[in-house]
Protein chains: 2
Amino acid sequence: MTTKPAIGFCGLGAMGFGMATHLVKSGYAVTGFDVWAPTLEKFAAAGGTPSTSLRASAQDKAFYVCMVATAKQAQDAIFGPDGILEGLPAGATLYLCSTVPSAYAAGVDKELGARGRGDVMFVDAPVSGGAVRAAEGTLSIMAGASEAAFEKGRWLLEEMAAPKKLFVVRGGVGAGSNMKMVHQVLAAVHILAVSEAFGFAARLGLNGGDVREAVVGGEAWSWMFENRSVRTLAEDYFPGASAVTIVLKDAGIITSMGRLLGFPLPLCSITEQVFFSGLDKGFGPNDDAGLVRLWTSEPVSSIQSTYSEDDKKAKLKLVTDLLTGIHLCAAAESLAFAKHVGIPLAQMYELVVEAAGGSAVFKDYATKMIPILEGNGTEDATIPEAYFDGLKKAVQEAQGLQCPLYLGNGALSLLLQTGKTLKLKSLLGLYSPV
Amino acid sequence: MTTKPAIGFCGLGAMGFGMATHLVKSGYAVTGFDVWAPTLEKFAAAGGTPSTSLRASAQDKAFYVCMVATAKQAQDAIFGPDGILEGLPAGATLYLCSTVPSAYAAGVDKELGARGRGDVMFVDAPVSGGAVRAAEGTLSIMAGASEAAFEKGRWLLEEMAAPKKLFVVRGGVGAGSNMKMVHQVLAAVHILAVSEAFGFAARLGLNGGDVREAVVGGEAWSWMFENRSVRTLAEDYFPGASAVTIVLKDAGIITSMGRLLGFPLPLCSITEQVFFSGLDKGFGPNDDAGLVRLWTSEPVSSIQSTYSEDDKKAKLKLVTDLLTGIHLCAAAESLAFAKHVGIPLAQMYELVVEAAGGSAVFKDYATKMIPILEGNGTEDATIPEAYFDGLKKAVQEAQGLQCPLYLGNGALSLLLQTGKTLKLKSLLGLYSPV
């Protein structure tokens with residue numbers, strides 16, 4: 001048995017801590033850096049080697065994982081004084097697993113060269129799956145790099161990813177970040193949709209537990225709903241598992257890129273604005289499931305529905321139809337954007353269906369949308385009339401209740417823009433010519 | 001000299017009180033009904049004859065003006081027990097000046113016939129212009145009725161309207177309400193735009209007075225901005241002159257009709273959702289200028305800008321560019337909707353440019369949009385690159401400040417949807433094929 005290589009790691013947040021300790025459990029000597037001392041103690045207790053110097057954490061490490069929160073943090077950590085680069089030995093492999101703009105990832109690669117460190121193999125490798133999967137080593141990883149870098153560094157990605165969940169995206173450095181970006185269109189919109197749905201349900205007088213039951217396993221299912229609704233029902237927002245500021249940062253990467261490329265992202269833009277209003281209310285550091293408090297201050301699990309079984313079913317259908325309509329338009333928005341930035345759509349499909357951006361509607365309708373985007377779809381594929389009618393009824397009911405449905409109305413506007421034909425081709429055509 | 005006919009009037013709110021007392025000043029004997037006693041006292045003090053019975057207020061009145069707040073109130077007032085219809089003499093002319101769905105106005109006409117009161121001449125005549133112009137008798141009035149009803153009842157509309165501001169809309173009963181509806185697309189969006197602009201400016205650290213100066217008289221001017229900003233600067237919201245609930249009701253008429261007809265109204269839908277969040281904060285009964293408190297609790301007139309003159313100018317330009325971009329898309333939305341519901345566009349233009357829906361951008365660009373909608377426009381008319389770039393920069397700056405721009409992002413999404421050509425034809429085509 002060969003000795004397992006030592007690994008450097010920085011950024012021991014919810015995700016990073018899970019990833020790093022998983023590597024420890026798998027038998028690697030991991031030296032971890034973080035700015036927050038209590039995390040370092042926890043890391044030491046889990047068998048890791050804590051380090052209070054980025055430079056030291058990289059010393060003699062042929063493999064280094066950077067999992068900080070933002071591009072700015074990555075820039076400081078990698079290139080700053082006493083940073084990673086100063087410690088990193090010749091020929092090391094550096095993984096950037098943070099979610100960053102693809103242009104930033106490409107910039108890191110260039111800057112390494114410009115600083116005379118072209119010897120460092122750089123892998124652009126954002127991840128998805130949440131803290132639990134990070135700790136299990138079963139993440140989805142979207143990676144872009146040179147062939148040489150993959151040859152050397154692929155094994156470590158495989159350690160952190162689930163079998164078949166390592167997606168090597170063609171296009172080199174930046175392609176991984178682009179894949180993550182288009183995935184996050186779904187993630188961001190679906191996250192807000194969870195709160196919008198629970199908020200609407202609360203105004204309808206529905207119990208949160210009943211809502212969850214109606215959504216999970218049905219047509220309105222999304223990974224985010226199943227995941228976040230646990231925290232919604234428990235009001236586990238302080239801090240919960242994933243702060244509003246995290247997904248907001250991703251939404252910002254998406255809409256910035258949209259502006260740069262001249263690509264419309266109406267649902268994601270709406271989502272970002274509502275996240276901003278969440279920040280205004282001080283919800284930024286809280287779990288994103290806590291955005292439901294934009295609609296109601298009452299715990300949704302304590303609402304006692306007074307409806308008959310039939311009426312309750314009818315009201316719950318308004319909520320599930322709202323979600324279904326939003327998920328359909330989010331699918332179109334993410335896929336059209338993916339096409340625009342050159343992401344292989346079949347690979348994106350494979351990634352999304354079992355990742356945090358997944359939804360029942362995406363699973364069913366992306367298979368119809370992708371051929372249209374690739375120019376070999378049928379002209380006739382349509383949006384089910386029932387989706388359209390259901391969303392329309394939900395919006396109408398919400399109007400009567402004076403309940404804001406930012407995404408519901410945004411999605412309905414898109415469906416109305418397709419004209420009365422409700423063709424999928426028209427929906428996708430709202431983003432760019434198909 | 002012939003004796004001036006006696007007039008019945010119900011609904012002595014801000015607008016109705018002005019209209020009724022103007023008629024009193026013009027020498028008419030006006031009997032006015034309202035549910036709120038203090039208003040009746042004020043009306044008596046102004047020379048009117050107060051009445052506490054709808055039926056009595058209509059007794060022997062050959063002309064009756066109904067200016068209540070909603071279609072539901074109108075229904076109760078006209079057709080309810082001891083209502084207007086029971087008092088109204090044979091052959092009387094009944095004016096409904098409230099803003100109601102056109103289908104409701106048409107329904108009143110039908111119900112009159114069905115109840116055996118086909119003798120009553122019904123005039124669908126919503127108004128615009130605000131309380132001041134109501135009291136001066138210089139309103140804009142959009143009227144639809146049969147020729148016979150106009151022949152008999154036109155004179156009273158002329159008493160309440162400014163010269164050349166009585167718009168007889170072809171199409172009979174309902175056409176007046178439709179004209180008002182498409183006008184209110186502009187009114188509603190522009191009202192929210194006032195607060196979004198001041199809110200953004202506050203986050204930029206700009207003084208509210210400087211903002212007003214930069215907007216009024218320039219390309220970013222709107223009637224609503226000039227009118228509302230006086231109250232914004234004075235924080236005159238309690239109750240101010242026009243409650244959020246009033247414009248919200250109009251927005252609801254618009255989006256309901258959009259759903260009914262399958263017509264997208266993305267900006268107006270966004271506006272309605274933000275109004276709903278205003279209600280959630282308890283702003284409903286306050287002046288709509290008070291929606292700026294969704295962005296800042298600081299009085300915008302007290303903000304002391306610390307910028308150099310050049311920097312201040314650059315920051316103010318972000319705010320005016322935001323407004324210009326929103327006004328451009330609102331113009332497209334209202335005109336495309338008007339075309340869809342069969343409103344004569346030249347007449348709408350004439351109405352809007354000097355009414356509450358007016359804006360500098362509407363004045364300039366509607367003249368280019370109308371020919372396109374009528375099928376004889378030029379293919380090449382485009383949105384100025386500067387409008388697009390300006391709006392994009394404003395949205396980008398707001399993103400950096402984490403400041404929600406609901407309408408700014410909505411408008412930018414629409415401009416991005418036109419593709420990089422920025423053709424007016426493409427913008428209008430987002431609403432229906434042109």
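All chains are named by letter (A, B, ...) in the order of the sequence lines, taking the proteins before the strands, and each is independently numbered beginning at 1.
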Legend entry - Whether Q184(A) side chain and I254(A) backbone form a donor-acceptor pair below 3.5 Å: no
Inset, instruction - Among the options Q396(B), K392(B), E272(B), pick out the one with the most heavy-atom pairs lying under 4.5 Å from chain A. - result: Q396(B)
Legend entry - Options P433(B), C403(B), A398(B), S277(B), ranked by heavy-atom pairs under 4.5 Å with chain A, top entry: C403(B)
Legend entry - Plane angle bin for Y406(B) and Y406(A) - parallel if under 30°, tilted between 30 and 60°, otherwise perpendicular: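 Parallel, since the angle between the ring planes stays under 30°.
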Inset, instruction - Report yes if some heavy atom in the side chain of L204(B) is under 4.5 Å from a heavy atom in the side chain of L318(B); otherwise report no. - result: yes
Inset, instruction - Using a 4.5 Å cut-off on heavy atoms from C-beta on, say whether the side chain of T324(A) contacts that of L391(A). - result: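 Not in contact.
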Considering only heavy atoms, which portion of [X] lies under 4.5 Å from any heavy atom of chain B: side chain, backbone, both, or neither?
{"X": "K393(A)", "value": "neither"}
{"X": "L401(A)", "value": "neither"}
{"X": "S256(A)", "value": "both"}
{"X": "K420(A)", "value": "side chain"}
{"X": "L261(A)", "value": "backbone"}
{"X": "L248(A)", "value": "side chain"}

Inset, instruction - Considering only heavy atoms and a distance below 4.5 Å, find which of V274(A), D280(A), L279(A) pairs most often with chain B. - result: D280(A)
Inset, instruction - Step through the shown structure and confirm whether more than 12 heavy atoms of other residues, nucleotides or ligands are within 6.0 Å of NZ on K317(A). - result: no
Legend entry - Heavy-atom neighbours of K249(B) NZ exceed 12 at 6.0 Å: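 Yes.
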Legend entry - chain A contact via L415(B) - which portion, at a heavy-atom distance below 4.5 Å: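 Interface part for L415(B): neither.
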Inset, instruction - Tell me whether the centres of the aromatic rings in F337(A) and Y431(A) are closer together than 6.0 Å. - result: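 Here the rings of Y431(A) and F337(A) have centres that are no less than 6.0 Å from each other.
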